[in-house]
Structures are given as C-alpha cells and as structure tokens.
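Numbers for residues simply follow the sequence, beginning at 1. Order of appearance sets the numbers: ligands from 1, and atoms from 1 within every ligand.
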Amino acid sequence: MHYLDHAATTPVSPEAAQVMLSVLTEQFGNPSAQYPLGRDAKALVDQGRAAIASALDCKTEQVVFTSCGTEGDNWAIRAALHQNRRVGKHIVTTAVEHSAVLQCVKRLEQEGYTASYVRPDGEGRISAEAVLAEVREDTAVVSVMLVNNETGARFPVEEIAAGLKDRPALLHTDAVQGFLKVPFTAKSLGADYITLSAHKIGGPKGIGALYIGGRAKNTLPLLFGGGQEAGLRPGTEATAQIAGFAKAVELRAARKEEIFRHLAACSAYARERLGGIPDLRFIGPGDAPHILSVSLPGYPSQNIVGELGEQGVCISAGSACHRGKASHVLTAMSLDKRTAAGVVRVSFGPETAREDIDALADALLAHKTKRFPML
Ligand code: PLP
C-alpha cells in the first residue's frame, strides 16, 4: 500500500501504540483514585500535559485535553464569545476553515451571532489586512486556521495577533494541520486559543488539546461534572489516548528538523514527478510541506481517488469533493469548474518513501492516459 493521505489521519507510531497498550492493560487506574495505581495514572496525565506544553513552549496549566480537534475548535469559539459577551456578537473567520469551525459559526449565526467570512485569493492565501479589515468594535472572536487542510496554505496568524493587540477581540487558531508540521510556539503565534489533534501526528484518534492562554480568562467550561482538567473539561481522563498523544508528540518533536526536511523533500520530489504529467496543475501556494494539492482538469476527483485506491495508492478528494460538489475551499478560491472538480490532495508523513510518490505518479499518468476527460 502507498499511503499518501497523512492530512486525513496518520498511522499510530509503534512506540505510541506500545505505551497505550501498557496503560490500557497495566496502568489502567482512574487518575482520581487515591491509591498508587490511581496516582500513577494521574502522573501519566501530568506527564502528557507537560509533553504538549513543551512542544508549544507554554505552561502546563495552559493545556487542556479534549476529545478531538473538532471539540477544541467548537469550545474555543464559544469560550471566547462567552468571555467577550459584553463586547458584541460578531465573529470574523475565513471562508476556507475546516468544517469544525465553519459549521460551528453557522450554528452560532442561527443563535443570533453575526459572522464575516474572509475570502482567499486565487492561490488560497488569506492576508492579515483582509482579516483585520473585518474586525469591528463588536467583534468578540477572530478564528483563523494556521494551515489549510486542503491547500496547505499557511495563514498569517502572528500578524493577525499583532493587529488585535489593542482590540477586545480574542484570537483562536485551528493548528490541527500545522502542529509539528510548520514551526511555531504558542508565544510566536500570539493566539489566545490554539487547537491541536493527536491523530495527524502519529497519535491516536479521539484525543486533542486546547491551548488556552494569552488574554483568555475565566474560561467557560465545556462540560460540568467531576472537576477533571481543572473543572474546565470534566470526565475521567482518557489516559491511554493521552499517553499515546504525548508519546507521538515527543517522538515528532525530537526529530522535528529532520521531519520538516523529509516532508519538504517529499513535496519537492512529488512536484518533480507529477509535474511531468500533461495538463496537471498545482493548486495553492505549497506553504506547508506535508500537503500537495493538484488538479487533473476534466477528470473527476472521485474517479481518480477510487481508481488509485483500488491500486493501493491512498489519496484524498476528501474535503476536496463533497457529494459531487466542489469543496467550499476551492469554491472560495474561484477555481474554474473543470479544475476544481479534478482536485486531489496528496499528503506526506515521516514514513513516506520515494516509491510511494513514484507509485502515485505512475497511477495518475495511467489514469489520464486510459480515460477521457468527462467534464
Ligand atoms: N481542523 C483541521 C484543519 C483538520 O484538518 C481537522 C481534521 O481533519 C480537524 C480540525 C478536526 O480534527 P479531529 O478529526 O480531531 O476532530
């Protein structure tokens, strides 16, 4: 199999899986229990939090575990709106956020909030000026992702944070696709909330974290219950997932530079190989090294993904094509219909080898040679 869909999810690293197994079967205590098995479980949670905090270069108490990136996005936006409830009911976001942000904001609009959606340019870029131009006196929260999951475009979160310094609006960034893929720390970004998810970096599904720092205070709890996670997100801690997440972060953080270089080399090699396919277009600015978006204009992406999948080459039309309609990201970029319908996303991880990219290039070329354009 040639797995080239690391932006969708990643294999759990064997070391992380090993740690999880031992937590599930041996160190299985409830972190709230008062005997050694419980205290050991509590220590695991503390160590896990310390690992995430170290990768973000922030304080441990600024990291709260969540069940996934979607939860972090929803919670951060609602928490910011709650904190700024006297400021107003206006939200600024972009038209190309992940649905975890977009659908949350759409729901909030139904609840009486108003929202402005900043559109990208034709390459999928968002400028800080365009975002800041939408910020008003009554803007309570600005939510702009760090790396777009479809195009790999990196957005100027630092500049947006600087522009909001003297404004009441709080800043949230969904860094699910950016964490340990592009360099940043909590301080360098300057956002008040940062969403992370484990399964994009060799950790398990069903666990994420929310950084709550900067000007965020008196955070609205997500749930009410037993007081875990400083009362902000109660519920018995998912100890195995937390330990697996932490292990994945430690492993990737320790090899950060090497992995950045590897991903960049994968992207460069893929550009070279795929660039030889007639009419193929590269989509987006190619900022993040792990995501490469390309189009075979006229060749529907569902067919490409289906056919390549049969040959063991896993790529995604994923978000790029939802029930036959071009994605909201490609639509916002104003790509012509033929190009948008032919977009597929290729994404790399530390395990990606040249042979995977060769298999992709051969399969794409064969698809194009064998089929007639349908659009
Ligand atoms: N945000 C972005 C940019 C993503 O790519 C994803 C996952 O695809 C999410 C949020 C949601 O994360 P999770 O799957 O952990 O809910």
Side-chain angles (χ1 to χ4, degrees), residues 3-12 16 52 63-78 93-107 117-118 120 124-126 143-155 157 171-182 184 189 191 193-211 222 233 238 241-242 244-246 248-249 252 263 284-285 287-293 305 314-322 327-330 332 343-349:
Y3 187 75
L4 290 164
D5 204 13
H6 290 256
T9 197
T10 57
V12 174
I52 318 295
V63 174
V64 183
F65 288 111
T66 59
S67 71
C68 58
T70 302
E71 180 178 308
D73 284 346
N74 276 256
W75 183 20
I77 293 168
R78 284 193 181 267
T93 188
T94 79
V96 295
E97 296 296 308
H98 189 270
S99 47
V101 166
L102 278 184
Q103 293 308 317
C104 172
V105 175
K106 294 253 179 285
R107 170 72 209 185
Y117 299 89
V118 178
R125 286 199 179 87
I126 294 277
S143 181
V144 175
M145 70 203 316
L146 183 60
V147 169
N148 183 270
N149 48 298
E150 291 192 36
T151 61
R154 189 202 193 283
F155 296 157
V157 174
L171 177 61
H172 164 246
T173 187
D174 171 343
V176 167
Q177 292 291 349
F179 186 45
L180 295 170
K181 306 282 174 57
V182 296
F184 75 88
L189 283 189
Y193 305 87
I194 303 173
T195 303
L196 310 178
S197 178
H199 74 100
K200 311 288 186 182
I201 54 154
K205 296 166 187 59
I207 184 80
L210 182 65
Y211 160 88
L222 179 72
R233 204 244 175 230
Q241 279 91 333
I242 289 172
F245 184 11
V249 167
R252 292 244 178 161
L263 296 175
D287 298 332
H290 66 302
I291 295 178
L292 188 61
S293 179
V305 169
C314 305
I315 58 169
S316 174
S319 324
C321 197
H322 187 59
S327 82
H328 64 283
V329 176
L330 304 172
V343 172
V344 292
R345 179 189 67 186
V346 182
S347 49
F348 315 108

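Using modelled atom types, one side-chain atom of Gln177 and one backbone atom of Ala7 make a donor-acceptor pair closer than 3.5 Å. Looking at Lys200, its side chain never comes within 3.5 Å of a backbone N or O of His6 through a donor-acceptor pair. Of the possible polar contacts, one joining the Asn148 side chain to the Val96 backbone as a donor-acceptor pair under 3.5 Å is found. Between the His98 side chain and the Thr70 main chain, no donor and acceptor come within less than 3.5 Å of each other. In this structure, the side chain of Thr173 does not engage the main chain of Ala175 through any donor-acceptor pair within 3.5 Å.
Under the side chain to side chain donor-acceptor pair (under 3.5 Å) criterion, Asp73 pairs with His172, Thr195, sequence neighbours left out.
When heavy-atom distances to ligand 1 are checked against 4.0 Å, the residues falling inside are Cys68, Gly69, Thr70, Asp73, His98, Met145, Asn149, Asp174, Val176, Gln177, Ser197, His199, Lys200, ordered by chain and number.
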